[in-house]
Structures are given as C-alpha cells and as structure tokens.
Amino acid sequence: MRRYLWVLPAILLPLLVWQWTQRMAVEPAITRVVSCPNLPQACALQDGLQLRFDKAPVTLQPFRLYLTGMPLKAGTASFAMQGMEMGLNRYRLLADGEAWWAEVNLPVCVQGRSDWQLQLDLETAAGLQRVLLSFQAGQP
C-alpha cells in the first residue's frame, strides 16, 4: 500500500499547477475591436500596425496573414466562431525580419457558417495587447 502513495501527488500536482497558471494568465492591457473590409489589402489596426492576408480567406485552403509596422516580441493569432466550437485554431506568429506571419488553414463549419473572428494577442514593449477582427471566409 505504501508503495503507491506517490500516485496521488503525481496526479494532483500537475492539476494544481495547471489551475494556478490559468488563474495567473495575463490579461491584455488593451483590447481593440477593429474592422477590415478588404483583408488582402493592408488594414491599419493600431499604432502603425497593419494586417494583410495574402489572399481572401477560404476554408480548407491555406492562406497567410502578415503583421507589419510595429515592433513585437511575440504574438499569436486565434480563429473562432461565436457560439460554435471549431477546435483549436491558434497559430504562433513567426518573424521574418520584415513582418510577423502565420500560415492558416480554417476548417469547414458543418452548419455552413463562415463568420470568423480573428483574435491577435501581441506582446509589445507596452505590454500584452489584443486585437479582435470579424470577417467572412469563403467556402471551397
């Protein structure tokens, strides 16, 4: 019986650490909701930051998003639909010297919806900033 006493802490410790990290998650200093009528053209988001997709987004077809014009330390792009579970669609932004980018592939909604929300979480010198953008994706 004593040989198995280590099992309880081995199970509980990771659970407690996960719970603590969720509570300690840093909320962004600034959240901005923006609009962008034409994603393949550069859209001004904030403080010189510009967003551009390399082509109009279509589900099941990869496309790239680019961020330029603001020095970043790191960033992620998440895609979701309001009221619809679409799985994990989170991409880490990569730096190439001129821009931050991610290659994205959106899944198809079984209900035929195409209303997506992009959430950019950007780590800047001023702190964590969040940008929200709603858009429509085409169907294949």
Item to complete: Taking all heavy atoms of Arg113 and all of Cys109, pick out the closest pair and write down the distance.
Response: O-CB, 3.4 Å
Worksheet item: Step by step, would you call Tyr66 with Asp54 a side-chain contact (heavy atoms from CB on, under 4.5 Å)?
Response: CA-CA 8 Å; Tyr66 296 93; Asp54 68 341; 3.9 Å; yes
Discussion item. Show the nearest heavy-atom pair for residues Gln136 and Ser114, with the distance to one decimal.
Written reply: OE1-OG, 2.9 Å
Discussion item. On a heavy-atom basis, which atom in Cys36 and which in Leu133 lie closest, and how many Å separate them?
Written reply: N-CD1, 3.5 Å
Item to complete: State, to 0.1 Å, how close Pro140 and Thr59 come at their nearest heavy-atom pair, and which atoms those are.
Response: CD-OG1, 3.0 Å
Worksheet item: What's the verdict on side-chain contact (heavy atoms from CB on, under 4.5 Å) for Leu49 and Trp100, showing C-alpha distance, side-chain angles and the deciding distance?
Response: CA-CA 11 Å; Leu49 182 66; Trp100 288 80; over 6 Å; no
Fill in: Distance, nearest 0.5 Å, that separates CG of Leu39 from NZ of Lys55
13.5 Å
Practice prompt. In sequence, state the C-alpha distance, the side-chain angles, and the governing distance for Val58 and Gln139, and then conclude on side-chain contact (heavy atoms from CB on, under 4.5 Å).
Written response: CA-CA 6 Å; Val58 175; Gln139 299 295 324; 5.9 Å; no
Worksheet item: What are the two closest heavy atoms between Asp121 and Gln119, and how far apart are they?
Response: OD2-NE2, 3.0 Å
Practice prompt. Working to the nearest 0.5 Å, report the span between CG of Leu106 and CH2 of Trp116.
Written response: 5.0 Å
Discussion item. Distance alone, cut at 3.5 Å: any donor-acceptor contact between the side chains of Asn105 and Glu103?
Written reply: no
Please tabulate, one pair per line, all N/O donor-acceptor pairs under 3.5 Å involving side-chain atoms of residues 72-85, not counting sequence neighbours.
unit_1	atom_1	unit_2	atom_2	d
Thr76	OG1	Arg90	NH2	3.1
Glu85	OE2	Gly87	N	3.1

Fill in: Test side-chain contact (heavy atoms from CB on, under 4.5 Å) applied to Tyr91 and Leu65, step by step
CA-CA 10 Å; Tyr91 300 86; Leu65 70 83; over 6 Å; no
Fill in: Residue of the set Val131, Leu132, Leu118 for which side chain to side chain contact (heavy atoms under 4.5 Å, CB included) holds with Val34
Val131
Fill in: Which atom of Ala44 lies closest to which atom of Gln50, heavy atoms considered
CA-CG, 4.3 Å
Worksheet entry | Matching residue for Trp101 among Leu93, Asp96, Leu67, Thr68 - test: side chain to side chain contact (heavy atoms under 4.5 Å, CB included) | Asp96
